[in-house]
Each structure stands twice: as C-alpha cells, then as structure tokens.
Amino acid sequence: MKQIYFFIIAVLFNLSYTNAQTTDVVSGLNEPIGLLLNGNDLYISDSGSDKILKIDITEATPTITDVVTTGLGSPSTLILNSNDLYISDVETNQISKIDITASTPTTINFVVSSSIPFGLALSGNDLYISEIGSNKISKVDITAATPTKTNVVTGLNNPTALLLNGNDLYFIQISSNKVSKIDITETIPTVTDVITGLNSPIALQINGNELYICESGAGKVSKIDITDSSPTITDVVTNLNSPFGILLNGNDLYICESGAGKVSKFNLSVLSINQLNTNNNIKLYPNPTNNFLKVSGLTKNEGYKIYNILGVEVKKGNISNNEKIDIQDFMNGSYFLKFNNGNSIKFIIE
C-alpha cells in the first residue's frame with residue numbers, strides 16, 4: 001500500500017461495492033488514482049505499480065500501454081503542458097515530467113522537496129501544487145531555469161485536488177471534508193469555503209456551473225452548482241469501489257475505482273430510471289400532463305431541477321407542497337423532476 005493510501009485511509013472508509021450504473025473501460029490495474037486525456041489517449045497514474053499507463057478510449061477493448069515504468073514512486077495527479085507531462089509523486093515528494101513524444105520517455109525530476117505533493121493545476125507558466133504534508137498550496141514557474149516554489153496559501157487542512165476555473169482555484173481540504181477556493185489574482189488570497197459536509201472528497205472536475213466531486217468515503221461522485229449561494233449536494237453516481245480520480249470527456253465521466261483496479265465510466269446524458277430515488281409520499285399530478293405539474297407530499301420548501309430524456313437541465317426552482325410548476329412551453333416527451341434532497345420522479349408531457 002502506497003504512501004498516499006496510508007494517509008487517505010486515515011480519513012475515509014475503504015468501501016467496496018459493485019455498481020450497475022457504470023461500464024468498465026479497462027481493468028487489471030493496480031490502484032489507479034489519476035487520469036488525463038490527450039486526444040484519444042487516456043493517461044492513467046497507476047500508483048500501485050509505480051507506472052504511468054495509457055489506453056486508446058476509441059478501442060472497444062483497450063490495450064494497456066506502458067508510458068513510464070521507472071523513476072517514479074507513487075504517481076498521482078497528471079497535467080499536460082504541450083508535450084510535457086507533469087506528474088506529482090507522493091512517495092518521492094517531487095514533481096517529475098516526461099516528454100510524451102519521446103519513444104522511450106525519461107523521467108526528469110522537476111521540483112523536489114515537496115511535502116506529499118498531490119494536486120496540480122496550471123495557469124500560464126505557473127504550476128500550482130497542493131502539499132498534503134505541509135498543509136499548503138505552492139506554485140512554481142515552469143519556465144524558470146531553476147524552478148523555485150513560493151507559497152500561495154498556507155494553514156490548510158490536508159489539501160488534495162486542485163482545479164482552476166478562471167481566476168478561481170478550487171481545492172479540497174480532505175480532513176475538513178470540504179471544497180474551498182481562492183482568487184489567484186489576489187496578493188494575499190482569502191480562502192472561501194464552497195461546500196462542506198462531504199465524505200472524504202479526493203478529486204474535482206467542472207462542467208459549466210456544475211462542480212463534480214469524487215467522495216471516496218461515500219463511494220460516489222456528487223455535484224453542486226457553483227452559482228448557488230448555498231449549494232446542495234446531488235448524487236451523480238454511487239456504489240463505486242474506492243473512487244479516487246475522475247475526468248469528464250463530453251457526457252462521459254471516467255472514474256478510477258482504485259479498490260477494483262479499474263477505470264470505469266458513467267454516461268451523464270441519460271438519466272436512468274434505475275437511478276431514481278422515489279419517495280412514495282411525494283406525488284405528481286396530473287401525470288401525463290401538458291400545462292402544469294402539481295406536487296403533493298412535500299413537508300417543506302424544496303429545490304428542484306427538471307431534466308429531459310437526454311439528461312439536459314431544462315428548468316429549476318423551488319416549490320412548496322401543492323404548488324404548481326408551469327411546463328406549458330415544454331415539448332412532448334419524458335422528463336425527470338429531481339429534488340435537491342435526492343428524490344426523483346418521472347413524468348410525461350403529451
């Protein structure tokens with residue numbers, strides 16, 4: 001078991017599930033924890049085997065190809081700048097890089113003496129690094145002849161994943177079970193909490209206003225709307241086997257299920273009826289309908305979102321018991337009304 005797992009196991013439960021919602025992409029791996037897509041090539045940091053691997057995601061049965069097999073300890077996060085693939089290594093406490101165009105890539109030690117470096121994010125020439133062991137985020141200019149780290153923000157609680165969205169750097173504080181952010185343009189950045197109450201979050205991805213969060217302790221991927229002042233956590237896919245890394249490619253969410261030694265994927269475009277969590281006390285009527293929906297059985301005001309059959313959000317708002325939702329402008333077809341508390345109901349417009 002590698003160093004990152006010795007740390008993470010102290011703050012999460014090692015859950016093991018089978019999951020009918022996902023499809024396997026590639027199996028037979030040894031603790032995969034990081035993903036990066038370059039064209040059709042999906043790069044995988046396989047921490048248990050001390051390797052970087054890759055597969056072609058267009059292949060029906062992908063062949064695993066070794067990219068780097070030496071010079072690494074426990075690779076985690078991957079980030080690409082042109083042909084340079086940067087790798088955070090939580091066992092050797094360094095950031096390495098390779099040239100992915102080389103026939104036999106050689107690992108170069110780029111930044112050493114980091115304290116359990118995990119997350120990476122790139123803004124221009126600045127490479128941001130989350131250092132779990134020293135509870136801080138640092139950065140380095142990748143164009144410098146002698147790269148030197150400078151502190152960006154300190155006093156954190158075991159920061160892991162990093163994700164840039166404009167000037168906002170989102171990051172996980174795993175020991176606090178939350179996602180926070182800073183504005184990287186500020187001289188002295190102020191840490192703002194985005195969402196709390198998570199279960200050992202470990203990885204982040206963003207799509208528009210939706211921030212996807214891999215919650216290892218709960219064996220799931222959830223999401224929030226970052227434009228909401230008080231975001232509500234919504235489950236996306238559950239019953240995963242020790243998920244660590246996630247990656248979005250169009251409607252496909254790729255997931256490192258480290259406990260199962262595999263990468264799986266979940267298609268976001270279709271909301272499966274099997275995913276619906278229906279409270280029998282909540283009723284929609286009329287159903288089928290054409291002008292409005294009325295909801296009964298609610299005990300309090302609830303936030304909701306309506307999705308079409310392709311999984312596209314078409315309406316959202318808040319509703320109280322016996323209140324109507326106007327849907328007269330919707331096209332005929334099947335829809336899903338999903339409440340922020342997780343309950344979902346299918347309805348039909350004729």
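- Interatomic distance, E91 CD to S74 OG, rounded to the nearest 0.5 Å: 6.0 Å.
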For residues 162-174, please give each side-chain donor-acceptor pair under 3.5 Å, one per line with the distance, not counting sequence neighbours.
from, atom 1, to, atom 2, distance (Å)
Q173, OE1, N157, N, 2.8
Q173, NE2, S180, OG, 3.0

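- S264 places no side-chain N or O within donor-acceptor distance of the main-chain N or O of D24, the cut-off being under 3.5 Å.
- By the ring pair (Phe, Tyr, Trp, His ring centres under 6.0 Å) test, Y304 pairs with no residue at all, sequence neighbours left out.
- Between I137 and I129 the shortest side-chain heavy-atom distance does not fall below 4.5 Å.
- Closest approach of S200 and G217 over heavy atoms only: CB-N, 3.5 Å.
- Residues I87 and L120 have side chains not in contact (no heavy-atom distance under 4.5 Å, counting atoms from C-beta outward).
- Looking at every heavy atom in both residues, L127 comes nearest to I142 through CB-CG2, 3.7 Å.
- Geometrically, K324 engages F292 in a cation-pi contact defined by less than 6.0 Å to the ring centre and at most 45° from the axis.
- Ion pairing of D225 with K316 is present here, as a side-chain N (NZ or NE/NH1/NH2) and a carboxylate O approach within less than 4.0 Å.
- With sequence neighbours left out, the side chain to side chain contact (heavy atoms under 4.5 Å, CB included) criterion links N30 to D46, S49.
- Between the side chains of S45 and S76, no donor-acceptor pair is found at a separation under 3.5 Å.
- Between the side chains of S47 and E31, no donor-acceptor pair is found at a separation under 3.5 Å.
- Remark: F347 pairs with Y335 by the ring pair (Phe, Tyr, Trp, His ring centres under 6.0 Å) rule, at least two apart or across chains.
- Between atom OG of residue S334 and atom NZ of residue K346 there is a gap of 4.0 Å, rounded to the nearest 0.5 Å.
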**Prompt:** Stepwise, does the side chain to side chain contact (heavy atoms under 4.5 Å, CB included) test hold for I348 with E350?
**Reply:** CA-CA 6 Å; I348 298 172; E350 296 182 338; 4.1 Å; yes

Using residues 60-73 as the side-chain source, report each donor-acceptor pair under 3.5 Å to any protein atom, sequence neighbours left out, with the distance given to one decimal.
none

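- Connection of I33 to I202 is established within a shared hydrophobic cluster, with ILVMFWY side chains joined at heavy-atom distances below 4.5 Å, either directly or through further cluster members.
- When side chains are defined from C-beta on, L240 counts as touching T22, because their heavy atoms get closer than 4.5 Å.
- Closest non-hydrogen pair, F110 versus P147, comes out as CE1-CG, 3.6 Å.
- Remark: side-chain polar atoms of Q205 are paired, donor with acceptor, to backbone N or O of L248 under 3.5 angstrom.
- When all heavy atoms are compared, the tightest approach of D193 to K178 is OD2-NZ, 3.1 Å.
- Contact check for V140 versus Y128: no side-chain heavy atoms found under the 4.5 Å cut-off.
- For the pair S320 (side chain) and E323 (backbone), a donor-acceptor distance under 3.5 Å is absent.
- Considering every non-hydrogen atom in both L78 and I52, the closest pair reads CD2-CD1, 3.7 Å.
- We find the CD1-CG distance between I349 and N291 to be 9.5 Å, quoted to the nearest 0.5 Å.
- The side-chain hydrogen bond (donor to acceptor under 3.5 Å, both in side chains) pairs that include a residue from residues 78-87 number zero, where partners must be two or more places apart or lie in different chains.
- Looking at heavy atoms from C-beta onward, K315 lies in side-chain contact with F330 at the 4.5 angstrom threshold.
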